[in-house]
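Here the structure comes first, spelled out in structure tokens, and everything after it is commentary.
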Amino acid sequence: MKKEFLPKWIAWEATGRCNLSCVHCRASAGKGSVTDFTTAQAQALLKDIASFCKPVLVLSGGEPLLRPDIFELARFGADLGLRMAMATNGTFITDEICGRIQESGISIVSLSLDGATAQVHDDFRRQAGAFAGTMKAAEIFRRRGIEFIINSSFTKRNQADIPAVYRLAQSLGAKAWYLFMVVPTGRGRQIADELISPEDYKKILEWHLRTEKEESRMLMRPICAPQYYRLAAQSGIERRSLSFSPGGSKGCVCGQSIAFINHQGDVHPCSYFPLSAGNVKKESFRKIWTESKLFHSLRDFKTYKGRCGACEHLDICGGCRARAWLATDDLLTEDPVCDHRP
């Protein structure tokens with residue numbers, strides 16, 4: 001196996017349950033019953049992953065804090081040498097929970113913030129009080145010295161808030177701010193008509209580059225926006241790095257250095273990619289990662305098609321494979337939001 005294709009970042013959907021019902025949720029998570037891993041199954045998965053790589057392992061959801069054994073599993077993974085992280089919507093964070101986070105070996109936490117005001121954020125999250133929960137969580141994290149990242153997802157309904165959300169994330173003391181360009185999977189399919197237009201998409205990336213270069217004190221990175229890497233290279237900006245970032249020096253890395261495992265055990269190239277490469281309840285993650293035809297196709301850049309296949313920036317961008325698939329049913333074709341002409 002080529003070294004460059006070892007997994008560096010894996011998100012595991014520890015539970016499919018959530019206390020919120022966000023408009024863009026790729027998992028369609030909610031309060032209903034779900035089939036989650038048992039504790040023993042979860043521990044076996046962590047041992048399987050740690051047997052051949054030591055990636056960042058993000059405990060995700062749904063809302064991971066709804067899982068009673070989440071801190072037991074975090075400690076188990078950390079003791080195996082995995083770099084444990086957690087992605088939470090922030091509404092359950094208390095001083096007691098923070099103490100358990102610190103004891104469990106979780107090194108960094110991400111919080112969700114999709115608007116600079118309660119009106120915008122709570123509308124996106126479809127829950128009154130969600131904004132207040134994130135603000136409270138950030139304050140507790142800062143006071144207790146827990147490093148945290150702010151994750152923000154945007155569609156047309158909240159894109160006007162992007163600069164204000166950036167400023168708020170920086171004022172809260174976030175280690176990094178990740179701007180997610182929503183890809184319509186799961187519940188997000190219901191708001192496909194709200195996706196940011198290709199014209200605004202480019203303007204947002206150009207704003208991001210200017211802001212990152214000229215004023216930002218924190219690391220900031222757009223996610224699911226691989227064209228940023230082409231624009232950054234063309235602008236000569238020096239990109240800072242963070243070990244807990246799902247990206248690196250390349251745009252789309254789904255199935256190349258990252259993977260997503262849902263609460264039923266299906267392994268996907270990334271959290272937005274609907275095709276499964278296999279199921280860890282039936283075969284090992286290691287076997288899926290090394291032998292999956294889906295993963296191998298994503299790693300063979302010579303087979304990419306359309307403008308992506310012909311692009312001189314393929315090695316640093318790659319185009320969003322999830323968007324290509326959702327738009328055309330062809331995971332190797334060009335990214336529909338890109339306007340670059342090779």
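Since the structure is predicted, the reported quantities are computational estimates derived from the model, not experimental observations.
- Counting non-hydrogen atoms of neighbouring residues, nucleotides and ligands closer than 6.0 angstrom, the NZ atom of K156 exceeds 12 such neighbours.
- In plain terms, the two heavy atoms of L59 and A74 that are nearest each other are CD1-CB, 3.8 Å.
- Contact detail for Y201 and M181: the closest heavy-atom pair is CD1-CE, 3.2 Å.
- Taking the charged nitrogens against the carboxylate oxygens, E206 and R210 have no contact shorter than 4.0 Å, which rules out a salt bridge.
- N89 and E63 form a side-chain donor-acceptor contact under 3.5 Å, judged by distance and modelled atom types alone.
- S51 is linked by a side-chain hydrogen bond (donor to acceptor under 3.5 Å, both in side chains) to nothing, counting only residues two or more places apart in sequence or in another chain.
- Remark: F295 pairs with W289 by the ring-ring contact (aromatic ring centres under 6.0 Å, His included) rule, at least two apart or across chains.
- Taking the side-chain hydrogen bond (donor to acceptor under 3.5 Å, both in side chains) definition, one finds that E291 meets it with nothing, sequence neighbours left out.
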Which pairs would a plain distance check flag for residues 334-342, meaning a side-chain donor or acceptor within less than 3.5 Å of a matching protein atom at least two apart in sequence or in another chain?
unit_1, atom_1, unit_2, atom_2, d
E334, OE1, R307, N, 2.8
E334, OE2, R307, NE, 3.1
E334, OE2, R307, NH2, 3.1
D335, OD1, R323, NE, 3.0
D335, OD1, V337, N, 3.2
D335, OD2, Q227, NE2, 3.0
D335, OD2, C320, N, 2.9
D335, OD2, R323, NH2, 2.9
D339, OD2, K202, NZ, 3.3
H340, NE2, E312, OE2, 3.1

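- Checked against salt bridge (charged side-chain N to carboxylate O under 4.0 Å, His left out), D79 has the following partners two or more places apart in sequence or in another chain: R75.
- In plain terms, the two heavy atoms of C98 and R144 that are nearest each other are CB-CD, 3.3 Å.
- Taking both residues in full, the closest heavy atoms of K287 and S284 are given as N-OG, 2.9 Å, listed atom of the first, atom of the second, then distance.
- Contact annotation: the side chain of T88 approaches that of L111 to within less than 4.5 Å [non-hydrogen atoms, C-beta and beyond].
- Applying the ring-ring contact (aromatic ring centres under 6.0 Å, His included) test to every pair with at least one member in residues 152-174, sequence neighbours left out, gives these pairs: Y166-W177, Y166-W207.
- The heavy-atom pair separating S153 from N158 by the smallest distance is O-ND2, 2.9 Å.
- Atom NZ in K282 sits 10.0 Å away from atom CD1 in I288 (nearest 0.5 Å).
- Looking at every heavy atom in both residues, L205 comes nearest to L231 through CB-CD1, 3.8 Å.
- Of the inter-residue distances, the one linking I70 atom CD1 with T15 atom OG1 reads 8.5 Å to the nearest 0.5 angstrom.
- To the nearest 0.5 Å, the span separating SG on C53 from CD1 on I10 amounts to 5.0 Å.
- Electrostatic pairing of R143 and D95 counts as a salt bridge here, judged by a charged N lying under 4.0 Å from a carboxylate O.
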